[in-house]
Q: 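Next up is a structure, given as structure tokens.
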Protein chains: 2
Amino acid sequence: MGSVDTWAALGDQTRRSILARVVRQPGSVTDLARDLPVSRPAVSQHLGVLLRAGLVDVRPHGRQRIYSARLDGLASLRGELEAFWSEALRNLKRVAEDDYHHTGE
Amino acid sequence: MGSVDTWAALGDQTRRSILARVVRQPGSVTDLARDLPVSRPAVSQHLGVLLRAGLVDVRPHGRQRIYSARLDGLASLRGELEAFWSEALRNLKRVAEDDYHHTGE
DNA sequence: CAAATGCGTAAGTTACTACTTACGCATCAG
DNA sequence: CTGATGCGTAAGTAGTAACTTACGCATTTG
């Protein structure tokens, strides 16, 4: 149903920890909750958000659900950030050149 | 004083719009507020968050305050995201190799 | 089949966040 | 000096987000 904004999903520190953990090694909900200072249901809810944001994948495995990082989710973020970056760089250069022409010529 | 988590700062859509606008062209608060669906004080508060997150800079200019994007703030984000990315890629490759050895040999 | 395990979700609470209007201070124009 | 402009901040509010405990369903184990 409703999707989740990718940036907003990463706005939460706990969620970033979960994602970092999952990036390192896929794992079940109980597994992930073991290393975190919050309850298992909380982790389950966070994983739901990450799932809707397209940052993780689930795969049923017996009575567990194994979550893993989704590469294309990270890729889209990377692309968006890169757009910010390159435009900032370009405009910074432009401003510097303007300064040069103003003071130099 | 207190700083602000960079990711959390970008978690808000309005703040991303402001940053995108400032990346394109530095401007005063009133300037920025003109293109946005929120009030000027709201923009001012958001700029405060972006400032504490190290994503923008201010420079007084007469009775205006000109905000501009901060390149190193974006750079640190880029680095952190890149770390996620490369580790995900590496581990994905490792898992693929494990699969190969399990099924192939 | 019965007990145990792993999970999602419902329900409720608390805390924060994004926004508004109102105000007060500084700076420039006439 | 006087009025106007640009800004930050205080104060209040509505919505949301992160967490908890409790429960119920599915799957494996003995």
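We use all heavy atoms of the structure for the numbers below, so side chains are in, but hydrogens, waters and symmetry mates are not. Here is the naming used below: chain letters follow the sequence lines, and residue numbers restart at 1 for every chain.
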Q: When only distance counts, do a donor and an acceptor, one from the side chain of A:Gln45 and one from the base of D:dT20, lie under 3.5 Å apart?
A: yes
Q: Determine whether the side chains of B:Trp7 and B:Glu80 contain a donor N or O and an acceptor N or O closer than 3.5 Å.
A: yes
Q: From the list D:dT5, D:dC7, C:dC19, which nucleotide is the closest neighbour of the side chain of B:Arg63?
A: D:dT5
Q: Which nucleotide, D:dG8, C:dG6, D:dA18, lies nearest any side-chain atom of A:His46?
A: D:dA18
Q: Nearest to the B:Pro41 side chain among C:dA22, C:dG8, D:dT20, which nucleotide is it?
A: C:dA22
Q: Round to the nearest Å and state the distance from A:Gln13 atom CD to C:dC16 atom C1'.
A: 16 Å
Q: Just the rounded figure in Å: distance from C1' of D:dA26 to NE2 of A:His61.
A: 16 Å
Q: Looking only at the side chain of B:Ser39 (C-beta and beyond, no hydrogens), which of the listed nucleotides D:dC19, C:dT21, C:dC7 gets closest?
A: C:dT21
Q: Is there a side-chain hydrogen bond (donor to acceptor under 3.5 Å, both in side chains) between B:Ser86 and B:Glu82 once you walk through the steps?
A: CA-CA 6 Å; B:Ser86 62; B:Glu82 210 63 24; over 6 Å; no
Q: For A:Arg65 and A:Asp57, what are the C-alpha separation, side-chain angles and deciding distance, and is it a salt bridge (charged side-chain N to carboxylate O under 4.0 Å, His left out)?
A: CA-CA 10 Å; A:Arg65 287 166 63 90; A:Asp57 252 344; over 6 Å; no
Q: Hey, is the side chain of A:Ser28 poking within less than 4.0 Å of OP1 or OP2 on C:dC7, counting only N and O atoms?
A: yes
Q: Nearest heavy atom decides the nucleotide; on that basis, is A:Thr14 or A:Gly62 closer to the 5' end of DNA chain D?
A: A:Thr14
Q: In whole Å, I'd like the distance from the CG atom of B:Leu50 to the P atom of C:dT17.
A: 14 Å
Q: Between B:Arg16 and A:Asp5, is the closest basic N to carboxylate O distance under 4.0 Å?
A: yes
Q: Whole angstroms only, please: what is the CG-P distance between B:Leu51 and D:dG8?
A: 9 Å
Q: Which value, rounded to the nearest 0.5 Å, describes the distance between A:Leu74 atom CG and B:Leu89 atom CG?
A: 10.0 Å
Q: How long is the line joining CZ of B:Arg16 and C1' of C:dT17, in whole Å?
A: 15 Å
Q: Measure CZ/A:Arg65 against P/C:dT9 and give the value in whole Å, please.
A: 8 Å
Q: Are OP1 or OP2 of D:dG8 and a side-chain N or O of B:Tyr67 less than 4.0 angstrom apart?
A: yes
Q: How many Å lie between CZ on B:Arg40 and C1' on C:dT21, as a whole number?
A: 11 Å
Q: Grab the CD1-C1' distance between A:Ile66 and D:dT27 for me, whole Å please.
A: 14 Å
